[in-house]
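Just so it is clear, the values below take in all heavy atoms, side chains as well, and ignore hydrogens, waters and symmetry mates.
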Amino acid sequence: LMIAIIILMAAIAVIAVAVGIYFNKIISRSITEPMMQIRNVVDKLSVGDFNVDVTYESLDEMGETTDALRKTIKALKGYIGDLAYGLGELASKNLKVVPGVEYQGEFVALKDSIVSVLFALDEMMKQLQDSSNQVSLGAEQLADGSQVLAEGATEQAGAIEEILAT
């Protein structure tokens, strides 16, 4: 009887250890798989590759973390897309471009700097246009003065000819 109890307890212990190992693997896998996916995504982000998918979904803390990562990637893609569009418009000489996304956090300073640069460039272009208009007006006045001077010289030459003829 004692041997049967010892064998039964040993069997229960072996089963308990096997069940523990099984649950350990399940729990370990539920943590390591999403962490590996997050690490791979962050590695790609760190070299500028934003064409990534975070596919892990769950209602636990790892699911919340991957949801936050998806939101971060979406926001960064929005900022990058908006900056690329704005710089393209600037290259096309459009100084009236405005941000197309809502910048948040530290990115507000970036947006404000870009808006300030665009405003300064717009003001500079207005000043250049004003200067160009003034130069054009001065050139017209100089041409008019030259015309008057030429007419005066022609009249004087005619007058001198008359005096010499008499």
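Between Thr65 and Tyr56 there is no side-chain heavy-atom pair separated by less than 4.5 Å. You'll find the side chain of Glu151 stays beyond 4.5 Å of the side chain of Thr154, heavy atoms only. A heavy-atom distance below 4.5 Å is found between the side chains of Ile38 and Met62. Contact of the Glu57 side chain with the Arg70 side chain is registered, since non-hydrogen atoms from C-beta on lie closer than 4.5 Å. Looking only at side-chain heavy atoms (C-beta outward), Ile73 and Val41 come within less than 4.5 Å of each other.
Atom CD1 of Ile31 sits about 9.0 Å away from atom CG of Asp60, to the nearest 0.5 Å. Here the CG atom belonging to Leu110 is positioned 5.5 Å from the CG atom belonging to Leu83, to the nearest 0.5 angstrom. One finds the CG atom of Leu59 at 9.0 Å from the CG atom of Asp67 (value rounded to the nearest 0.5 Å). Interatomic distance, CG of Asp53 versus NZ of Lys44, reported as 8.5 Å (0.5 Å rounding). Considering CG of Leu90 and CD1 of Ile114, their distance stands at 9.5 Å, rounded to 0.5 Å. One finds the CG atom of Leu137 at 11.0 Å from the OG atom of Ser132 (value rounded to the nearest 0.5 Å).
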Might you work through the side chain to side chain contact (heavy atoms under 4.5 Å, CB included) test for Leu69 and Leu45, ending with a clear yes or no? CA-CA 11 Å; Leu69 184 58; Leu45 293 175; 4.2 Å; yes
Step by step, would you call Gln127 with Glu123 a side-chain hydrogen bond (donor to acceptor under 3.5 Å, both in side chains)? CA-CA 6 Å; Gln127 290 174 358; Glu123 287 299 310; 5.1 Å; no
Please evaluate residues Lys111 and Phe107 with respect to the criterion side chain to side chain contact (heavy atoms under 4.5 Å, CB included), reporting the C-alpha separation (whole Å), side-chain torsions for both, the decisive distance (0.1 Å), and the verdict. CA-CA 6 Å; Lys111 178 204 65 153; Phe107 294 101; over 6 Å; no
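Judged purely by distance below 3.5 Å, without hydrogens or angles, the side chains of Thr55 and Gln37 pair a donor atom with an acceptor atom.
For Gln129, the side chain to side chain donor-acceptor pair (under 3.5 Å) partners are Asn133, not counting sequence neighbours. Taking Glu64 as the reference, nothing meets the side chain to side chain donor-acceptor pair (under 3.5 Å) condition, with sequence neighbours excluded. For the salt bridge (Lys or Arg N to Asp or Glu O under 4.0 Å) test, no residue two or more places apart in sequence or in another chain qualifies with Lys77. Lys96 pairs by the salt bridge (Lys or Arg N to Asp or Glu O under 4.0 Å) definition with Asp122, not counting sequence neighbours. Checked against salt bridge (Lys or Arg N to Asp or Glu O under 4.0 Å), Glu33 has the following partners two or more places apart in sequence or in another chain: Arg29.
Considering all non-hydrogen atoms of both residues, Asp82 and Pro99 come closest at OD2-CA, 3.5 Å.
Both Leu118 and Leu128 are assigned to one and the same hydrophobic cluster, defined by single-linkage of ILVMFWY side chains at heavy-atom distances under 4.5 Å. Under the 4.5 Å side-chain heavy-atom criterion for grouping Ile, Leu, Val, Met, Phe, Trp and Tyr, Met124 is not connected to Phe119 through any hydrophobic cluster. Transitive grouping of hydrophobic side chains (ILVMFWY, heavy atoms separated by less than 4.5 Å) keeps Val19 and Ile27 in distinct clusters. Residues Val54 and Met36 are members of separate hydrophobic clusters, defined by side-chain heavy-atom contacts under 4.5 angstrom among Ile, Leu, Val, Met, Phe, Trp and Tyr.
Using bins of under 30°, 30° to 60° and over 60° for the plane-to-plane angle, the ring pair Tyr103/Tyr79 lands in the parallel bin.
Within the structure, salt bridge (Lys or Arg N to Asp or Glu O under 4.0 Å) pairs that include any residue of residues 127-137 do not occur (at least two apart or interchain).
The number of heavy atoms from other shown groups lying within 6.0 Å of OH (Tyr85) does not exceed 12. With a 6.0 Å radius and a threshold of 12 heavy atoms from other residues, nucleotides or ligands, Leu164 has its CG atom above the threshold.
The only option from Ile5, Ile12, Ile6 that meets the side chain to side chain contact (heavy atoms under 4.5 Å, CB included) definition with Leu8 turns out to be Ile12.
At distances below 3.5 Å, at least one donor-acceptor pair connects side-chain atoms of Ser46 with backbone N or O atoms of Asp43.
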